[in-house]
Protein chains: 2
Amino acid sequence: MATLEEIARLAKVSRSTVSRVINNKPRVSANTRERVWSIIHQTDFHPNVAARTLASRRSHIIGLVMIQPYNVVTSEPFSAELVQHIAATCEETGYHLMLSLVSTSKPNTYGQIVRGGYLDGLIVYYACTDDSFVSRLQREKVPFVLIGHSPQADGIFTADMDNSTGAEAMARHLAGLGYTRIATVTGPAFAMSSRDRLEGFLKGLQACGLECPDRYIQEGDFTEGSAFLAMQHLLSQDPQPEAVFVANDTMAVGAIRAARMAHLRVPEDIAITGFDDTPMAQISEPPLTTVHQSSELLGRKAVEMLIGQLEPDRREGVVKQNVVLPVDLVVRESCGARLRLASREVKRSVKEVNQTERNPFTYCSRTR
Amino acid sequence: MATLEEIARLAKVSRSTVSRVINNKPRVSANTRERVWSIIHQTDFHPNVAARTLASRRSHIIGLVMIQPYNVVTSEPFSAELVQHIAATCEETGYHLMLSLVSTSKPNTYGQIVRGGYLDGLIVYYACTDDSFVSRLQREKVPFVLIGHSPQADGIFTADMDNSTGAEAMARHLAGLGYTRIATVTGPAFAMSSRDRLEGFLKGLQACGLECPDRYIQEGDFTEGSAFLAMQHLLSQDPQPEAVFVANDTMAVGAIRAARMAHLRVPEDIAITGFDDTPMAQISEPPLTTVHQSSELLGRKAVEMLIGQLEPDRREGVVKQNVVLPVDLVVRESCGARLRLASREVKRSVKEVNQTERNPFTYCSRTR
DNA sequence: GTATCTTGCGGGAGCGCTCCCACACGCTGT
DNA sequence: ACAGCGTGTGGGAGCGCTCCCGCAAGATAC
């Protein structure tokens with residue numbers, strides 16, 4: 001494989017000049033520049049990345065760290081899509097993406113990944129609330145962006161979906177339809193997103209003058225099976241809930257299955273809603289009312305924020321440290337209007353609170 | 001960040017000795033070895049990867065190349081899982097994984113990815129039948145493993161699921177249940193796996209003395225929507241098929257939806273089967289009879305085969321060039337026994353052909 | 001006319017490793 | 001006694017780049 005030296009020889013210039021041409025640096029005459037490029041193309045020359053990295057201390061590689069087993073790519077379609085979009089955005093911006101699965105069971109991978117010094121920065125997809133990894137990155141001043149957020153988020157860059165507002169919108173939507181006994185199946189407690197969704201949900205209910213007793217709150221782990229069990233618990237309560245906000249689509253499908261098994265019709269006998277708007281939400285029977293979040297937006301934003309740190313002059317506009325991306329409520333058939341209509345106060349409250357929203361969400365009916 | 005030099009100074013030895021210790025080379029006294037390791041641990045030293053790569057010409061990074069848009073991670077859960085397992089296996093074997101999405105629209109990424117010379121090898125996840133990328137790798141003698149297979153597969157390493165045998169088993173299973181008018185919704189024609197599945201399906205029918213007229217063969221593109229339309233075409237045929245072999249689970253769900261819309265019950269009025277055994281297959285109503293393939297097995301095998309090429313002495317046993325991994329027929333509720341029983345000849349044929357199988361598949365009833 | 005600046009280019013010194021060779025030392029064999 | 005060998009260690013060259021400095025030649029200023 002060719003080297004800079006060789007290209008220089010062929011173009012009858014020096015190594016330095018070839019380097020300047022390749023890196024688009026000034027102080028090369030148009031003539032020389034063209035001659036060098038032509039040789040480069042002829043020989044299909046690509047500079048050796050290792051040498052370049054060693055000399056310049058920039059690898060143009062960013063690492064995507066996913067904590068295992070929580071972020072198992074496959075466990076939720078949203079993660080899979082996210083990876084996809086992060087990879088695509090990297091490719092577009094001239095970076096390469098290194099995929100690192102960090103196991104919570106053997107945390108020694110930190111050194112391997114970070115200290116080798118060939119990653120320009122990291123995107124950390126960190127569902128957990130524990131954050132020794134994150135605080136270490138912060139201490140060692142490694143450039144990184146956290147997907148999600150952290151309790152002590154001062155000084156770190158984060159990009160997150162607005163889980164809280166999404167859940168809040170859903171609670172208000174259900175209240176607005178006239179449901180009063182509204183339960184929830186949450187995600188696992190260690191996940192920040194679970195907490196946010198629960199918090200938003202409760203806040204939304206409260207804004208509508210409704211309450212959610214503890215027995216109406218069941219924890220799942222984002223898998224279909226866990227929701228099946230959680231739902232059975234909810235259905236055994238007296239009185240039974242009229243609507244259930246399930247913290248993701250996969251689990252919502254499990255909840256529907258449990259409802260069916262108890263001979264309940266959805267949405268006539270019980271309303272069930274999801275979160276994520278995965279393809280499954282459309283296919284499910286009935287199609288799920290859910291909260292749409294854009295993995296593309298999140299992925300792009302995260303990469304953009306990281307590159308903003310790495311290349312200050314490439315930064316477009318002001319970069320916020322903590323970005324929260326808007327979500328959309330998507331109304332489908334899995335919850336219908338209650339026969340008994342919502343009380344006047346609730347309606348007013350729904351309307352009112354919606355108007356004073358910081359992160360405005362749009363109601364859109366996406367049916368297939 | 002520390003360097004070898006510094007460690008050497010602290011341990012009162014030379015750079016060379018530290019290097020020998022780190023790389024586990026012989027000719028270092030136990031005493032020195034221990035002293036050096038202790039310093040390394042104390043300082044949390046990790047050798048600079050770029051320098052190492054430059055000097056040794058081995059990066060311990062392998063690239064996973066996925067052709068876009070066909071291999072969109074998200075489009076099928078199987079791909080997402082595969083990526084996951086490849087990444088995990090790399091991590092375990094001391095390699096790192098670089099994720100490269102190659103767009104078919106701008107094929108110039110080849111140089112970027114391969115010619116930079118910092119990838120030890122590639123795993124190419126290449127669903128397409130076109131293979132300019134592959135033949136170029138072969139020409140330039142880049143070590144790689146192809147997931148799937150290629151028409152001119154001589155001299156290249158491939159790992160693939162036994163799509164053909166899986167589809168064949170499914171055809172025989174349906175025939176054995178007494179169905180005679182069996183149709184299929186195929187995957188896109190450009191994908192090798194689509195072709196293999198169709199081929200195996202037809203072969204299986206033939207072995208049972210059944211035929212599949214062209215109008216019973218509809219092409220989909222592995223998405224739910226495409227199968228919905230394809231199924232509507234099939235249902236408009238006269239006579240209607242009694243059973244439909246759909247080339248993946250996602251599409252099978254779409255086919256069921258179309259059947260329902262035509263007021264047909266599954267499996268009573270029409271049997272529908274899938275392929276892949278994704279989580280959806282269990283959740284679907286009714287649960288899908290499908291073909292299980294292990295993304296873990298495939299991912300591990302591919303990495304293993306690549307490392308076998310990169311490090312001949314690490315190779316365990318004989319390495320086959322073209323590995324075909326077995327699949328399992330999984331019987332669930334989406335196809336039942338036909339009222340009219342299978343003819344004696346068909347039964348005999350099913351039994352007979354199953355016994356002479358090269359890649360034995362197991363029948364297992366996985367119900368939830 | 002000399003002094004100063006600009007533009008275009010070349011050469012040298014690294015970046016932090018690996019790998020080869022040299023060399024000192026203790027051991028065995030004749 | 002000395003050659004021959006294996007073992008532990010150090011030093012130098014080099015991997016293929018980038019980046020700094022130096023220098024020639026022309027342009028501009030006084």
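Computation of the quantities below employed the complete heavy-atom set of this structure, encompassing side-chain atoms and omitting hydrogens, waters and symmetry-equivalent molecules. Letters A, B, ... are given to chains in the order of the sequence lines, protein chains preceding strands, and every chain is numbered from 1.
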Check nucleotides 22-26 of chain D for protein N or O atoms closer than 3.5 Å to its own N or O atoms and list the pairs.
none

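The salt bridge (Lys or Arg N to Asp or Glu O under 4.0 Å) analysis of residues 24-51 of chain B, with sequence neighbours excluded, yields the pairs R115(A)-D44(B), R136(A)-D44(B). For residues 1-22 of chain B, no pair satisfies salt bridge (Lys or Arg N to Asp or Glu O under 4.0 Å), with sequence neighbours left out. Within the structure, the ring-ring contact (aromatic ring centres under 6.0 Å, His included) test picks out no pair touching residues 4-28 of chain B (sequence neighbours left out).
By the side-chain contact (heavy atoms from CB on, under 4.5 Å) test, V303(B) is found to be paired with I86(B), T89(B), C90(B), T93(B), I123(B), I307(B), residues two or more places apart in sequence or in another chain being considered. By the side-chain contact (heavy atoms from CB on, under 4.5 Å) test, S38(B) pairs with Q42(B), sequence neighbours left out. For A11(A), the side-chain contact (heavy atoms from CB on, under 4.5 Å) partners two or more places apart in sequence, or in a different chain, are V13(A), V36(A), I39(A). Every residue meeting the ring-ring contact (aromatic ring centres under 6.0 Å, His included) condition with H60(A), not counting sequence neighbours, appears here in chain and number order: Y95(A). Partners of D160(B) according to the side-chain hydrogen bond (donor to acceptor under 3.5 Å, both in side chains) rule, which considers only residues two or more places apart in sequence or in another chain, are H149(B). For S193(A), the side-chain contact (heavy atoms from CB on, under 4.5 Å) partners at least two apart in sequence or on another chain are N163(A), A191(A), R197(A), F222(A).
Nucleotides of DNA chain C with any atom under 4.0 Å from a heavy atom of chain A span, from 5' to 3', dT7(C) to dG16(C).
Within residues 6-14 of chain B, no residue has any heavy atom under 4.0 Å from DNA chain C.
Between S56(A) and dC19(D), a side-chain N or O to OP1/OP2 separation shorter than 4.0 Å is absent. Phosphate proximity of dG8(D) to T32(B): absent, as no side-chain N or O sits under 4.0 Å from OP1 or OP2.
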